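Model, not experiment: these values are computed from the prediction. Note that these values count all heavy atoms, side chains included, but never hydrogens, waters or copies made by symmetry. Positions are given from 1, in the same order as the sequence printed here.
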Amino acid sequence: MEKKKEFSKYLENFMRKNGYNLEQISRETGVPIATIGHYKTGRRTPKNDFIDKFVSGFNLSSQEKKEITMAIAIDRTPEVIKDNIFDFKNVKPIKLMEVPLFSSVSAGLGRETIAEPIDFISIPKISGNNIVAILVQGDSMEDTILDGSIVVVNTELMPEIGEVGVFLTKGSDHADGLVKRLKYKNGEYVLESDNKEYKDLRIENSDITAYGKVIQIINNTSRRRKDPLISYIDKLDIYEREMIESMLKGLIEKKKNLNK
């Protein structure tokens, strides 16, 4: 059964309380009886000019005008929006905290000589004294962590098997550190990439050290994995891009001419 509209309920109650009929409402507002009937049943929602006619015709107060205006505004609002708006009444305010954002894993964990944050961001409050945010570069953890996204790390917690953590290395090709998933395979610990195009990295002795657990991922969804062609173009300088752009335009024009 369809819900009764707010103004319909208001008008019905107003008429009953004051003993008015449709003809009297029509006479005082100058609106046809049939239209008033539609307002009463909820088949139609009044326009703004009706509010002034109704308030003036029955000499209503400013408070009553607000109630009528609100009722009509609610009736005009799509159900999906109304559901969300009214749900907000029961939502408790979220406490936020400010954490430093670092440009890389090594900067965030103080391995670089200069480890100043590049920014500060607000996140829902988390317990712990050593919470940092780190900008992730690269696609090795896609689609879990996208290139250009931010991970929030608690350096007081260590990742367990299957969890994503932040790791630093000694004497390797990974000077900026790693964001990987810790796994145990074939009797040894490895760092696994969620992007299966990357090979596992074995943990040998103390060459790789865990420095924190990823507790939140703030993905930059505008940077989903790119088409390979776009990735190649990104590596070109401005002059090479202009040359490629000219070639593409020529191919498009040629295709148009062939399709004529």
Does the side chain of Ile25 reach to within under 4.5 Å of the side chain of Tyr39, using non-hydrogen atoms? no
Any carboxylate oxygen within less than 4.0 angstrom of a Lys/Arg side-chain nitrogen, looking at Arg181 and Glu163? no
Could you see if Met70 belongs to whatever hydrophobic cluster contains Val55? Use Ile, Leu, Val, Met, Phe, Trp, Tyr and a side-chain cutoff under 4.5 Å. no
Heavy-atom pair with the smallest gap, counting every atom of Ser8 and Thr41: OG-C, 3.9 Å
Group every Ile, Leu, Val, Met, Phe, Trp and Tyr by side-chain heavy-atom contacts under 4.5 Å, then state whether Ile72 and Phe58 land in the same group. yes
Are Lys9 and Glu6 within salt-bridge range, i.e. N to O under 4.0 Å? yes
Looking at side-chain heavy atoms only, is the closest gap between Met15 and Tyr10 below 4.5 Å? no
Can you tell me if Met97 has over 12 outside heavy atoms packed within less than 6.0 Å of its CE? yes
Approximate separation, where rounding is to 0.5 Å, of Ser149 OG and Asp139 CG: 11.5 Å
Would a 4.5 Å heavy-atom cut-off, applied to side chains only, mark Val99 and Phe120 as touching? no
What are the two closest heavy atoms between Lys53 and Thr29, and how far apart are they? CD-O, 3.4 Å
NZ (Lys196) with more than 12 external heavy atoms under 6.0 Å: yes
side-chain contact (heavy atoms from CB on, under 4.5 Å) assessment of Val152 paired with Val214: CA-CA 6 Å; Val152 179; Val214 172; over 6 Å; no
Side-chain donor/acceptor of Tyr184 to backbone N/O of Gly187, under 3.5 Å: yes
Checking side-chain polar atoms at under 3.5 Å, does Glu142 have a donor or acceptor matched by the opposite partner on Asn195? no
So do Ile215 and Val153 actually touch side chain to side chain, heavy atoms under 4.5 Å? no
Could you walk me through whether Phe14 and Phe54 pass the ring-ring contact (aromatic ring centres under 6.0 Å, His included) test, one step at a time? CA-CA 11 Å; Phe14 179 82; Phe54 190 82; 5.1 Å; yes
Can you see which heavy atom on Pro100 is nearest to which on Pro117, and at what distance? CB-CB, 3.8 Å
Any ion pair linking Lys249 and Glu253 (charged N to carboxylate O, less than 4.0 Å)? no
Could you see if Ile244 belongs to whatever hydrophobic cluster contains Ile252? Use Ile, Leu, Val, Met, Phe, Trp, Tyr and a side-chain cutoff under 4.5 Å. no
Give a yes or no on whether Tyr189 and Met158 share a hydrophobic cluster (residues Ile, Leu, Val, Met, Phe, Trp, Tyr; joining criterion: side-chain heavy atoms under 4.5 Å apart). no
Verify side chain to side chain donor-acceptor pair (under 3.5 Å) between Glu23 and Ser26, making sure each step is shown before the conclusion. CA-CA 5 Å; Glu23 185 178 356; Ser26 173; over 6 Å; no
Presence of salt bridge, Asp194 and Lys180, under 4.0 angstrom: no
Would you call the rings of Phe7 and Phe50 parallel, tilted or perpendicular, taking 30° and 60° as the class edges? perpendicular
Where Thr155 and Asn130 come nearest, the two heavy atoms and their spacing: OG1-CB, 2.9 Å
Is Lys185 paired with Glu192 through a side-chain N to carboxylate O contact shorter than 4.0 Å? yes
Identify the two heavy atoms, one from Ser193 and one from Met141, that lie closest to each other, and give their separation to 0.1 Å. CA-SD, 3.9 Å
If we only count heavy atoms from C-beta on, is the Ile134 to Ile150 side-chain gap below 4.5 Å? no
Using atom types as modelled and distance alone, determine if a side-chain donor or acceptor of Ser61 lies under 3.5 Å from a backbone N or O of Glu64. yes
Close side-chain approach of Leu60 to Ile68, heavy-atom, < 4.5 Å: yes
What's the shortest heavy-atom distance between Lys65 and Ile51, and which atoms? CG-CG2, 4.1 Å
Do Asp147 and Val136 come within less than 4.5 Å of each other through their side chains, counting heavy atoms only? no
